[in-house]
S.K.: 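Let me begin by handing over the structure; questions about it come next.
What you see is a predicted model, and the numbers here were worked out from it, not measured in a lab. Convention: sequence-line order gives letters A, B, ...; per-chain numbering from 1.
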Protein chains: 2
Amino acid sequence: MPKQTFFNLPEEKRQTIINLAIDEFADNDYQNASISRIVARAGIAKGSFYQYFADKKELYLYLIELALQEKAQFLQYTPPPDPQMGTFAYLRWLFEAGLRFSFSQPKLTRLTYRAFFDDLPFSNETIAQAQAGSSQFFTQLIQQGMEQGDLRADLDVDSAVFLFDLVFMELGNHIMQRLNVDPAELAEKGAQVFEETAAAEIYNRFMDIFEFGMGAK
Amino acid sequence: MPKQTFFNLPEEKRQTIINLAIDEFADNDYQNASISRIVARAGIAKGSFYQYFADKKELYLYLIELALQEKAQFLQYTPPPDPQMGTFAYLRWLFEAGLRFSFSQPKLTRLTYRAFFDDLPFSNETIAQAQAGSSQFFTQLIQQGMEQGDLRADLDVDSAVFLFDLVFMELGNHIMQRLNVDPAELAEKGAQVFEETAAAEIYNRFMDIFEFGMGAK
DNA sequence: CAGTCATGTGACTGATCGGTCATATTTTTT
DNA sequence: AAAAAATATGACCGATCAGTCACATGACTG
């Protein structure tokens, strides 16, 4: 957690620092993200930064928590329409919500993406729990789907979980790349871009592969 | 390409340098891999290194080319048994061969994995071509499979290619993690570990998902 | 043996980094 | 107004890096 001094800061100054830090850690992996660059861009002294945060790691973990919180909140406010829907309908809703978040918060998405895949010079409970939490969530979802008869009884659960974990993290990047989404346009128009493009079409055909496979009937 | 001086070196010294460099770039991403560490471990002077290579980038790209070459050769020497086999039989063979390579050359696998996913401070033709080549290969394979009626006619090709690209790169990591394969044991016993574990079982159930989907019939 | 050319060397340069600290400034309290 | 507490500052530190260069060493050549 940042020091109290940080929270005593005027709201605007605090937001500036956070936003610049998010940019820095979204554009560079942990080791290459530079505190020197952040303070230079924020127009504050290096010493001031260390009045707010104990060290680089504390800032980084704070950003990760912010991002995870933001995403959790976003998913919470996009409630599934029908609690009795089937497993695949739920999965499609889940992936669509995840994609919408990617489009509305590309920087935070990039940040959490990096937290999952980049090398870190330290191990951390928060990140490990987030990773484990994602796998557990999918595990439970899949087992439930099998009990309900929505999923093949002989499905290999671990393989399915691995696939979902991977794709849930990567699909946003993939779709944006396929749609040639301009990051600047995205930052400006935000989630609206999702509606204007074929994003929904793409992820649905993607989910078709999971549901029906690639093989001919 | 390294300078002639490098190739004039005694075979053993050259191999030592290459092996230590592979270790360094397999364990660290490009920016964090350290020439200073490599020369210290190799017991040569920094100046000598720069008699062999123009700069860090040249060494790195040389290693990437070596790794890609090695993998291509490995796949070449694992010829598919039946040229008339169906698309999925071929895919299974391909993924198994890729996995066998991962087990027999984990360091090189890690290296190419990084070349695909890590941030690089420069763009490069070799790496871009390897990435594009992989996608093109899968694209052609999928289209052919659709023509032969092995794959659903309404399959979204780009989505399928994305999935194969991703999984072909990641499946080795995943399976090793699931099997708790010890890197030290792997370095020692090499490809033999593949036979002694449930690796084949896992990737086959994985491929089942691609072929048949997860949905109940 | 002298001369030439290839190879080896490691101290050094300039840059960047995360982090510190003595000091200055501002705000709050008395 | 004075004292005290909180906050801001940027020069500075030690470490590390990629890359250089003047020089040393060794090997081949005429």
S.K.: Please state whether the rings of Phe7(B) and Tyr62(B) are parallel, tilted or perpendicular, taking 30° and 60° as the class boundaries.
M.R.: perpendicular
S.K.: Could you state the CD-P distance from Gln51(A) to dA5(D), rounded to the nearest angstrom?
M.R.: 16 Å
S.K.: Among the nucleotides dT9(C), dA18(D), dG18(C), which one has an atom lying closest to any side-chain atom of Ser48(B)?
M.R.: dT9(C)
S.K.: Taking the minimum atom-to-atom distance to the side chain of Ala45(B), which one of dG19(D), dT20(C), dG10(C) wins?
M.R.: dG10(C)
S.K.: Checking all strands, does Ala54(B) fall into the base, sugar-phosphate, or nothing category for heavy-atom contacts under 4.0 angstrom?
M.R.: nothing
S.K.: Give the rounded distance in Å between these two atoms: CZ of Phe49(A) and C1' of dT7(D).
M.R.: 16 Å
S.K.: Using whole Å, report how far CG of Asn32(B) lies from P of dT16(C).
M.R.: 17 Å
S.K.: Between Glu24(B) (side chain only) and Ser34(B) (backbone N and O only), is there a donor and an acceptor less than 3.5 Å apart?
M.R.: yes
S.K.: Given dC17(D), dA11(D), dG8(C), which nucleotide is nearest the side-chain atoms of Thr5(B)?
M.R.: dG8(C)
S.K.: Taking the side chain of Lys13(A) as heavy atoms from C-beta outward, which of dC17(D), dT9(C), dA8(D) is closest to it?
M.R.: dA8(D)
S.K.: Between dT9(D), dG19(D), dT20(C), which one does the side chain of Tyr50(A) approach most closely?
M.R.: dT20(C)
S.K.: Could you state the CZ-P distance from Phe6(A) to dT7(D), rounded to the nearest angstrom?
M.R.: 13 Å
S.K.: Between Gln177(A) and Asn173(A), is any side-chain donor less than 3.5 angstrom from a side-chain acceptor?
M.R.: no
S.K.: In whole angstrom, give the distance that lies between atom NZ of Lys3(A) and atom P of dT7(D).
M.R.: 11 Å
S.K.: Counting the atoms with a prime plus P, OP1 and OP2 as sugar-phosphate, which does Ala40(B) contact under 4.0 Å by heavy atoms, base, sugar-phosphate, or nothing?
M.R.: nothing
S.K.: Using atom CD1 of Ile38(B) as one end and atom P of dC17(D) as the other, report the distance to the nearest whole Å.
M.R.: 11 Å
S.K.: Is the distance between the ring centroids of Tyr60(A) and Tyr30(A) less than 6.0 Å?
M.R.: yes
S.K.: I want to check one thing: is the phosphate of dT16(C), taken as OP1 and OP2, less than 4.0 Å away from some side-chain N or O of Arg37(A)?
M.R.: no
S.K.: Any side-chain N or O of Asn8(A) under 4.0 Å from OP1/OP2 of dT7(D)?
M.R.: yes
S.K.: Do Arg92(B) and Asp208(B) meet the salt-bridge criterion of a basic N to acidic O distance under 4.0 Å?
M.R.: yes
S.K.: Check every atom of dG19(C), dA8(D), dC17(D) against the side chain of Leu9(A) and return the nucleotide holding the closest atom.
M.R.: dA8(D)
S.K.: If only side-chain N and O atoms of Tyr52(A) are considered, is one of them under 4.0 Å from the OP1 or OP2 phosphate oxygen of dT7(D)?
M.R.: no
S.K.: Of the listed nucleotides (dG19(D), dG18(C), dA8(D)), which one gets closest to any side-chain atom of Ser36(A)?
M.R.: dG18(C)
S.K.: Kindly say whether the aromatic ring centers of Phe210(B) and Phe164(B) come within a distance under 6.0 Å.
M.R.: yes
S.K.: Is any side-chain N or O of Lys46(B) under 3.5 Å from a base N or O of dA18(D), one able to act as donor and the other as acceptor?
M.R.: yes
S.K.: May I have the distance from Phe25(B) (atom CZ) to dC17(D) (atom C1'), rounded to whole angstrom?
M.R.: 13 Å
S.K.: Give a yes/no answer on whether the side chain of Ser34(B) brings an N or O atom under 4.0 Å of OP1 or OP2 in dA18(D).
M.R.: yes
S.K.: Can you check the Asp55(B) CG to dC17(D) P distance for me, whole Å?
M.R.: 17 Å
